[in-house]
Amino acid sequence: QVHLVESGGGLVQAGDSLTLSCAASGRTTGRHAMGWFRQAPGKEREFVGAISWRGDATYYADSVKGRATVSRDNAKNTMYLQMNSLILEDTAVYYCASHFAPGGTPYGSSWYSPADYTSWGQGTQVTVSS
């Protein structure tokens with residue numbers, strides 16, 4: 001079981017940038033892709049972005065494409081989400097998760113399907129104010 005802990009959330013203003021971190025511990029030896037999801041009050045959890053094990057492939061939701069960058073440092077067992085030009089609609093609890101499939105690179109809809117991710121973190125709140 002992989003234990004994931006998100007950090008870096010907080011209160012920011014619209015237009016600001018923010019970088020979230022996801023630190024992994026426990027059974028981190030598997031070559032798994034990782035992803036970021038978010039959930040706003042009253043809404044379903046939605047996919048934000050994901051990265052392959054080697055970091056050579058990424059996938060983003062249309063809502064953040066061009067404003068978000070997912071990266072990882074496997075030596076530090078840490079994944080990052082950099083968000084630029086934050087908007088009010090980015091307000092949510094952000095979660096990181098580890099993809100279930102070994103091999104490191106999801107296919108098709110598996111990139112963004114929450115059901116294909118295991119070992120979720122507890123989340124970090126991001127609030128964007130005007």
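Computation of the quantities below employed the complete heavy-atom set of this structure, encompassing side-chain atoms and omitting hydrogens, waters and symmetry-equivalent molecules.
Here Lys65 pairs with Asp62 under the salt bridge (Lys or Arg N to Asp or Glu O under 4.0 Å) rule; sequence neighbours left out.
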Take Thr19 and Met83 through the test side-chain contact (heavy atoms from CB on, under 4.5 Å) and record every step on the way to the result.
CA-CA 6 Å; Thr19 298; Met83 293 277 293; over 6 Å; no
When you look at Tyr80 and Leu20, which way does the side-chain contact (heavy atoms from CB on, under 4.5 Å) test go after all the steps?
CA-CA 6 Å; Tyr80 306 94; Leu20 305 180; over 6 Å; no
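Nearest approach of Val2 to Ala24, heavy atoms of both residues: CG1-CB, 4.0 Å. In terms of heavy-atom proximity, Met34 sits nearest to Cys22 at CE-SG, 3.8 Å. Contact record, Val93 with Gly123: CG1-CA, 3.8 Å, taken as the closest heavy-atom pair. In this structure, Ala92 and Ala40 approach most closely via the heavy-atom pair CB-N, 3.8 Å.
Side-chain atoms of Trp53 never come within 3.5 Å of backbone atoms of Ala33 as a donor-acceptor pair (strictly under, hydrogens ignored). Remark: side-chain polar atoms of Tyr112 are not paired, donor with acceptor, to backbone N or O of Gly35 under 3.5 angstrom. Between the side chain of Arg67 and the backbone N or O of Ser85, at least one donor-acceptor pair lies under 3.5 Å. Distance alone, capped at 3.5 Å, is enough to place a donor-acceptor pair between the Glu6 side chain and the Cys96 backbone. Judged by distance alone, the side chain of Ser129 and the main-chain N or O of Val12 form a donor-acceptor pair under 3.5 Å. At least one donor-acceptor pair under 3.5 Å links the side chain of Arg72 to the backbone N or O of Ser52.
No side-chain donor-acceptor contact under 3.5 Å links Ser119 and His3. For the residue pair Gln125 and Thr127, a side-chain donor N or O sits within less than 3.5 Å of a side-chain acceptor on the partner. A donor and an acceptor atom, one from each side chain of Thr78 and Asp73, are nowhere located under 3.5 Å apart.
Taking CG from Asn74 and CZ from Arg31, the interatomic distance works out to 8.5 Å, rounded to the nearest 0.5 Å. For the atom pair His99 NE2 and Asp116 CG, the distance stands at 4.5 Å (nearest 0.5 Å). The distance from atom CG of Leu88 to atom CD of Gln13, rounded to the nearest 0.5 Å, is 11.0 Å. For the atom pair Gln82 CD and Ser71 OG, the distance stands at 8.0 Å (nearest 0.5 Å). Once rounded to the nearest 0.5 Å, the distance linking OH of Tyr60 with CG of Leu81 reads 8.0 Å. Separation of atoms OG (Ser21) and CE (Met79) is listed at 9.5 Å; rounding is to 0.5 Å.
Taking the ring centroids of Tyr117 and Phe100, they lie at or beyond the 6.0 Å cut-off. Between Phe37 and Tyr95, the gap from one ring centroid to the other reaches at least 6.0 Å.
Between Ser98 and Trp120 there is no side-chain heavy-atom pair separated by less than 4.5 Å.
Trp111 and Val70 are not part of a single hydrophobic cluster, where members link through side-chain heavy atoms under 4.5 Å apart. Cluster annotation: Val64 is connected to Leu18 through the hydrophobic network of ILVMFWY side chains, with a link wherever side-chain heavy atoms come within less than 4.5 Å.
Looking at Thr124, Asp90, Thr91 one by one, the single match for side chain to side chain donor-acceptor pair (under 3.5 Å) with Arg38 turns out to be Asp90.
Other residues, nucleotides and ligands contribute at most 12 non-hydrogen atoms within 6.0 Å of the CD atom of Gln122.
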